[in-house]
Every structure is written in structure tokens, then in C-alpha cells.
Amino acid sequence: MLQIQKNMEILSNLTSKFPNFLLTGIPGLESVHVWISIPFCCLYAIAFSGNSMILFVIITRQSLHEPMYYFLSMLSAADLGLTVSTMSTTLGILWFDTVEISLNTCIIQMFFLHGFTFIESGVLVAMAFDRYAAICDPLRYATILTNSRIIQMGLLMIIRTVVLIVPLLLLLKPLNFCKANVLSHSYCYHPDVIKLACSDTRANSICGLIDLILTTGVDTPCIVLSYILIIYSVFSIASPKERHKVFNTCVSHIGAVAVFYIPMMSLSLVHRYGPSAPKVVHSMMANIYLLLPPVLNPIIYSVKTKQIRKAIYAVFSLQNKQR
């Protein structure tokens, strides 16, 4: 009886329902975290200023009140959300070595992190549909993408996100976690968290798989199908000059799709097939996955979209005149 009590005490010391997790900065480079924070701060500043500028010019410039730019403003808002979701924990580690995070705080961070990721995926699908309607059915474009329909699409993205995310996170609450709760990244990532659980995580894995199928598994084929139809329509145009002009309107969106999906798939592959990979690889891939889209999307759209570029130039010109 005494031995059983001792075993129960040991077990209770090893597991916890409400643990504190330990976040990971850049493994092996802890002594230079302050210096590493400089490029991170620069990237966060670019992400903030770039996406804020895109949102500002779209809201204030009447000429940009069109479906394409409404979707771009949604993309910038999602990118800002992704940036804010991870910035506090990442900079907290690099500046103050604040590595501890509670389960509840972890769940809140995952809600926003995965939520804005799902929303961004949905926005990319909406943007692909926008390009399809503009190129393949230009005469009906204005009647297909009305303001009310765009609002409905935005609400549908939010509803889908909440419906998929909430059950996934609620399933974390009943789990027991081992005391050595060291996460692989500087933020809470659902696959990373459930790997630390001592109890059965089949329900969590199944729910995660369903979420993946209903987001990336649905969104990616929709984007691919849109571009197949676009390419088919473009090649029916006789003039090579017109083809180039039409394709040029899709370049920015293709770039946004690439910088979103390639890092996401790479991180998933690292988690699935690279457990023996150096920890620094996991850490760098995780940071690239969340920092690359918010940093590059404003640059891509500013460089490749003439209307956005002119609007930004007009804002800066107005400020210079006022001075």
C-alpha cells in the first residue's frame, strides 16, 4: 500500500493538467539573443509599417475601393494579426529571456495564431476567385463581387475559423502534460504542444487533421483550379501582349500564395519527417513560416501593383507638402 502511494506521488509530480510550458528561442545561440533580436525587430517593423500602409491607403483612397483591394486589405489585416500573435513571446525571449508560458496563455496565442493563418488561407482563395472573375468573366465582374457579397465572404472566413479552432483548443484542456514541457519554438504551435502530452491525443490529432483538410486541403485545390481556368482563358487570347498584361495582374497573388504555403508546408514536413533535424532548423523554419508572409506581402503588392504604388507615393507626397 505504501509503495502504491509513493508511485502515485511520483506520477502526480511528473504530470499536470495546467502546466507551464518553456518556449525556445534560437537553440545554441542563447548568449547572443540580444543581437539576434535586432534583425527580428527590423522584420517586425517592416511587417507593421508595410501592412499598416497598405490598409491606410486602401481605406483613405476612393480609387482603391474595389473588390481586389478589399481582399488585399483583409490579407494585410491577417498579416498584422499574425505578427502581433507571436511578437510578444518572441521578443520576450530574445530581450528578457522570458521563456515560461501557462497553458491558458498558450491556448489564447494558438487561437489567434492558427486563426489568422486560417483566415489568410481563406483570403488567398477569395483573391484567386477575384482574379478568375476579372479575367474569365469580366462583363459580370461587378455583379458577381458586390460589396455585400465581399462582406459575406469575410464573415464566412471568420465563422469557419472559429468553428474549426475552438474545438481543437478545447480538447487540450483535459490532457495531462509531462513536466519537461519544452516547446520547439518561440510561440505555441498546436502540433508541438500535443507532442508533450502524456495522455491519449488521438482526438486532438483527428481534430487537427480535420481542420487541415477543411482549410489547406480545400483552399489549395480551389486556388489551383482557379488558375487552371485562368490559364485556359488567357491562352484563348490571340494577342501575346494581351496575354502578358492579363498574367501580370496575377503575379502579386501568385507571390502571396507562394510565400504563405511554401513555409507552411516546409514546417509541417520538418515536424513530420525531421524529428532528428537540429533544433535550430526547427526554430528557424518556425520563425520563417510566420514572419515571411507579413514582411513580403506588402513589398510584393507595392512593387507589382501600380495603383498601390501610386497611392503610397501620393500619401508621402502629401506629407512632404504639408511640411
Side-chain angles (χ1 to χ4, degrees), residues 50-82 84 111-112 114-166 211 213-230 233-234 246 249-257 260-261 293-294 297-298 300-302 304-312 314-315:
N51 287 293
S52 298
M53 178 58 72
I54 295 284
L55 278 171
F56 178 76
V57 296
I58 291 173
I59 291 168
T60 57
R61 309 294 290 189
Q62 190 68 35
S63 61
L64 298 180
H65 290 181
E66 296 177 9
M68 174 183 173
Y69 303 110
Y70 289 145
F71 291 130
L72 178 55
S73 67
M74 293 180 194
L75 186 71
S76 293
D79 280 337
L80 279 173
L82 274 177
V84 172
F111 176 81
F112 288 105
H114 291 289
F116 282 117
T117 301
F118 288 178
I119 288 172
E120 183 154 344
S121 181
V123 171
L124 291 173
V125 175
M127 295 175 88
F129 178 72
D130 169 77
R131 291 299 83 209
Y132 162 76
I135 293 167
C136 300
D137 202 357
L139 297 178
R140 295 179 58 230
Y141 178 74
T143 57
I144 292 171
L145 286 169
T146 60
N147 287 346
S148 62
R149 195 159 288 166
I150 291 168
I151 292 169
Q152 288 170 4
M153 291 169 75
L155 289 173
L156 185 63
M157 293 173 208
I158 294 169
I159 292 167
R160 180 183 76 160
T161 296
V162 173
V163 168
L164 293 178
I165 287 286
V166 171
D211 283 9
I213 291 169
L214 293 177
T215 51
T216 308
V218 171
D219 295 349
T220 306
C222 286
I223 294 170
V224 171
L225 177 61
S226 296
Y227 275 99
I228 289 171
L229 295 172
I230 288 169
S233 178
V234 167
V246 171
T249 65
C250 301
V251 170
S252 299
H253 179 252
I254 293 169
V257 170
F260 178 76
Y261 280 106
N297 282 339
I300 291 169
Y301 276 94
S302 299
K304 296 302 296 181
T305 308
K306 184 180 178 181
Q307 291 85 344
I308 293 290
R309 193 165 61 247
K310 285 173 66 177
I312 292 172
V315 169

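- M74 has its side chain within reach of I150: a pair of non-hydrogen atoms, C-beta onward, lies under 4.5 Å apart.
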Show your reasoning for whether side-chain contact (heavy atoms from CB on, under 4.5 Å) applies to Y69 and V57.
CA-CA 10 Å; Y69 303 110; V57 296; over 6 Å; no
Would F129 and L145 satisfy side-chain contact (heavy atoms from CB on, under 4.5 Å), going step by step from the backbone distance to the final call?
CA-CA 10 Å; F129 178 72; L145 286 169; 4.0 Å; yes
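- At a threshold of 4.5 Å between non-hydrogen side-chain atoms, the residues S302 and I312 count as touching.
- With rounding to the nearest 0.5 Å, the separation of CD in E66 from CG in L72 is 12.0 Å.
- Between the OG1 atom of T215 and the CD atom of E120 there is a distance of 12.5 Å, given to the nearest 0.5 Å.
- Ring geometry, H114 versus F118: the interplanar angle falls from 30° to 60°, so the pair is classed tilted.
- For the pair L64 and I308, the minimum side-chain heavy-atom distance is below 4.5 Å.
- The neighbour count for Y132 OH, taken as heavy atoms of other residues, nucleotides or ligands under 6.0 Å away, does not exceed 12.
- L75 contributes atom CG, which lies 5.0 Å from atom CG of D79 (distance to the nearest 0.5 angstrom).
- Contact check for T117 versus F260: side-chain heavy atoms found under the 4.5 Å cut-off.
- Ring centers of Y301 and H253: at least 6.0 Å apart, outside the cut-off.
- Atom CG in L124 sits 12.0 Å away from atom CD1 in I254 (nearest 0.5 Å).
- Looking at D211 and R160, no side-chain N of the basic residue comes within less than 4.0 Å of a carboxylate O on the acidic one, giving no salt bridge.
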For a side-chain contact (heavy atoms from CB on, under 4.5 Å) check, start with the C-alpha distance between D137 and S233, then their side-chain angles and the critical distance, and finish with the verdict.
CA-CA 10 Å; D137 202 357; S233 178; over 6 Å; no
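- Shortest non-hydrogen contact noted between S73 and L55 is O-CD2, 3.3 Å.
- Residue K310 holds its NZ atom at 9.5 Å from CZ of R61, rounded to the nearest 0.5 Å.
- Between R131 and M68, the closest side-chain pair of non-hydrogen atoms falls below 4.5 Å.
- Summarising the geometry of P67 relative to Y141, their closest heavy-atom pair is CB-OH, 3.4 Å, with the distance given to 0.1 Å.
- Between atom CD1 of residue I119 and atom CZ of residue F116 there is a gap of 5.5 Å, rounded to the nearest 0.5 Å.
- In this structure a side-chain-to-backbone donor-acceptor pair under 3.5 Å is present from T143 to R140.
- With contacts defined as side-chain heavy-atom distances shorter than 4.5 Å, the pair N297/S76 does not qualify.
- Residues C136 and P138 share a closest heavy-atom pair of C-CD, 3.5 Å.
- A heavy-atom distance below 4.5 Å is found between the side chains of Q62 and H65.
- Residue F112 qualifies as open at atom CZ: its count of foreign heavy atoms under 6.0 Å is 12 or below.
- Scanning both residues, T216 and P221, for their nearest heavy atoms gives O-CD, 3.8 Å.
- T146 has its side chain within reach of R149: a pair of non-hydrogen atoms, C-beta onward, lies under 4.5 Å apart.
- A256 and I300 make their closest contact through N-CD1, 4.2 Å (heavy atoms, listed as atom of the first residue, atom of the second, distance).
- Minimum interatomic distance between S252 and T305 (heavy atoms only, all atoms of both residues): OG-OG1, 3.5 Å.
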